There are 2 protein chains.
Amino acid sequence: MAKAGPASKIQPAEGGGSPTTRRALIEAAVETLKAEGFSGSSARSIAGRAGCNQGLVFYHFGSVVNLLLAALDAVSAERLERYSAAVDGVESPAELVDAAASIFEEDLDAGHVSVLVQMIAGASSTPGLGTAVAERIAPWTEFAQRSVDAAWGDSALTSVIPPGDIAHAVVAMYVGLEMLGHLDGDRGPALALFEHARALAALFSVPPAPDRPSGRSRTP
Amino acid sequence: MAKAGPASKIQPAEGGGSPTTRRALIEAAVETLKAEGFSGSSARSIAGRAGCNQGLVFYHFGSVVNLLLAALDAVSAERLERYSAAVDGVESPAELVDAAASIFEEDLDAGHVSVLVQMIAGASSTPGLGTAVAERIAPWTEFAQRSVDAAWGDSALTSVIPPGDIAHAVVAMYVGLEMLGHLDGDRGPALALFEHARALAALFSVPPAPDRPSGRSRTP
DNA sequence: GTCTATACTTGGATAGAC
DNA sequence: GTCTATCCAAGTATAGAC
């Protein structure tokens with residue numbers, strides 16, 4: 001069986017075209033989504049940023065939406081790799097929160113999350129786009145769940161909330177913090193939350209303590 | 001000194017016009033934002049939904065954005081009143097979470113939050129809109145903080161996270177859950193989270209127990 | 001593969017009749 | 001106050017020259 005493609009109809013054309021122009025357009029689409037949002041990301045504004053002609057958008061990607069999806073794919077892949085590397089080997093809750101905090105700060109500064117946010121918002125006005133975006137969010141929820149499992153596998157936290165629901169909450173918080181922070185450009189509250197989350201995470205952690213003979217957990 | 005208006009430049013024209021048509025346009029703008037998002041909310045599509053002419057948008061509100069802000073004001077006022085009534089008199093954390101859960105479910109079903117979400121997202125593409133929307137979110141953050149104070153005023157929770165940061169997180173979660181739920185129309189995860197939040201809230205609650213002589217709190 | 005030119009559509013906004 | 005008519009700007013998409 002060949003590699004299975006996305007289930008939705010909307011998808012970037014995989015066809016030919018100069019790789020350099022393709023990449024320039026994708027990069028420009030990312031920047032345009034960040035700077036002008038979904039409704040500001042027209043073929044003309046993107047091509048202008050890429051320094052090429054508007055018609056190339058349709059030659060390479062068939063439609064504007066497909067280019068925007070390719071842009072989302074690019075950002076998502078790049079960031080997922082970064083997150084995976086940072087979280088790799090992390091097992092304690094405090095380490096996980098620390099890693100997530102420092103990389104999320106990168107995201108806030110660079111505006112990576114707003115690419116996703118804008119595509120989610122834009123899905124309301126473009127039939128079929130919703131499922132295409134949902135497919136691209138799934139890897140993130142799965143990643144979050146794996147990370148939660150690794151850090152809180154057996155703890156008071158996961159006994160109160162299933163890891164899958166925690167993962168959903170984390171992604172939702174991720175998206176929500178980006179939206180609020182983007183409004184006034186103040187990333188302070190978001191960063192403060194991560195700082196506090198560190199203390200909260202410790203509350204719910206089960207100390208590894210392999211030498212302590214199955215004592216009672218610190219949390220009720 | 002007269003009542004102070006919003007600090008930002010963008011604001012709905014308070015001028016005349018038939019109140020019935022004004023209200024019809026606002027109502028139609030709300031529905032259009034819910035159904036077609038920010039980029040789908042043109043003067044023509046809104047007027048079509050309201051059953052009147054496109055030019056009336058500009059006669060009554062001056063611009064499309066101002067009409068959309070008036071729509072956000074209407075939804076925000078209506079929901080804030082509803083939330084205030086539901087939370088009024090609530091003091092225990094479990095009660096607060098219960099009240100919030102049932103009303104948030106209404107919001108998800110009716111799509112009230114997506115009006116806010118779309119305006120936040122649209123702010124990226126319209127200069128000046130960001131601060132105007134931020135002004136309309138502030139009452140919600142304040143409301144959340146008051147509610148948190150009433151329920152967790154002196155508890156382990158507020159000693160770990162300042163109420164202001166909790167309020168910010170709540171609003172962010174509110175926005176994020178709406179976005180994710182809107183993508184695939186599945187409100188299940190959001191509702192499940194509220195269910196679990198009930199148990200979490202109890203963990204952090206200080207039992208009122210007026211007859212117990214200042215014993216140690218249950219949480220470390 | 002990239003550009004120019006162009007057809008067609010939609011949207012914001014105004015003028016003027018009623 | 002509401003409608004019709006209209007202007008202009010911007011967007012999608014295609015055809016054809018180079």
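Chain letters run A, B, ... following the sequence lines, proteins first and then strands; every chain starts at 1. In this text, all values refer to a predicted model and were calculated from it rather than measured experimentally.
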Practice task
Taking atom types as modelled, find out whether A/T32 and A/S45 have a side-chain donor-acceptor pair closer than 3.5 angstrom.
Solution key: no

Problem - Rounded distance in Å - CZ (A/F61) to P (D/dT14) - result: 16 Å

Handout entry: B/T141: side chain to side chain contact (heavy atoms under 4.5 Å, CB included) partners, not counting sequence neighbours
Key = B/I137, B/A167, B/V171

Exercise for the section: Could you state the atom-to-atom distance from CZ of A/R23 to P of C/dT2 in whole Å? Expected result: 12 Å

Exercise for the section: Starting at atom CD of A/E36, determine the distance to atom P of D/dA10, rounded to an integer number of angstrom. Expected result: 12 Å

Problem - Residues which pass side chain to side chain contact (heavy atoms under 4.5 Å, CB included) with A/P163, listed by chain and number, not counting sequence neighbours - result: A/Q145, A/V148, A/D149, A/T158

Exercise for the section: Not counting sequence neighbours, list each pair that qualifies as a side-chain hydrogen bond (donor to acceptor under 3.5 Å, both in side chains) and has a residue in residues 94-111 of chain B. Expected result: B/R79-B/E106, B/R79-B/D107, B/R82-B/E106, B/Y83-B/D107, B/D98-B/R198, B/E105-B/R187, B/D107-B/H112, B/D107-B/Y174, B/D109-B/R187

Practice task
Only counting residues at least two apart or in another chain, list the ones meeting side-chain hydrogen bond (donor to acceptor under 3.5 Å, both in side chains) with A/E36.
Solution key: A/R49

Practice task
Quick one, give me the B/S/- string for nucleotides 11-18 of chain C, reading 5' to 3', where B means a protein heavy atom under 4.0 Å from the base and S means that only happens at the primed atoms, P, OP1 or OP2.
Solution key: BBBB----

Exercise for the section: Report the distance from atom CG of A/L25 to atom C1' of C/dC3, rounded to the nearest whole Å. Expected result: 14 Å

Practice task
Report the residues that fulfil ring pair (Phe, Tyr, Trp, His ring centres under 6.0 Å) with B/F194, sequence neighbours left out, ordered by chain and then residue number.
Solution key: B/F104

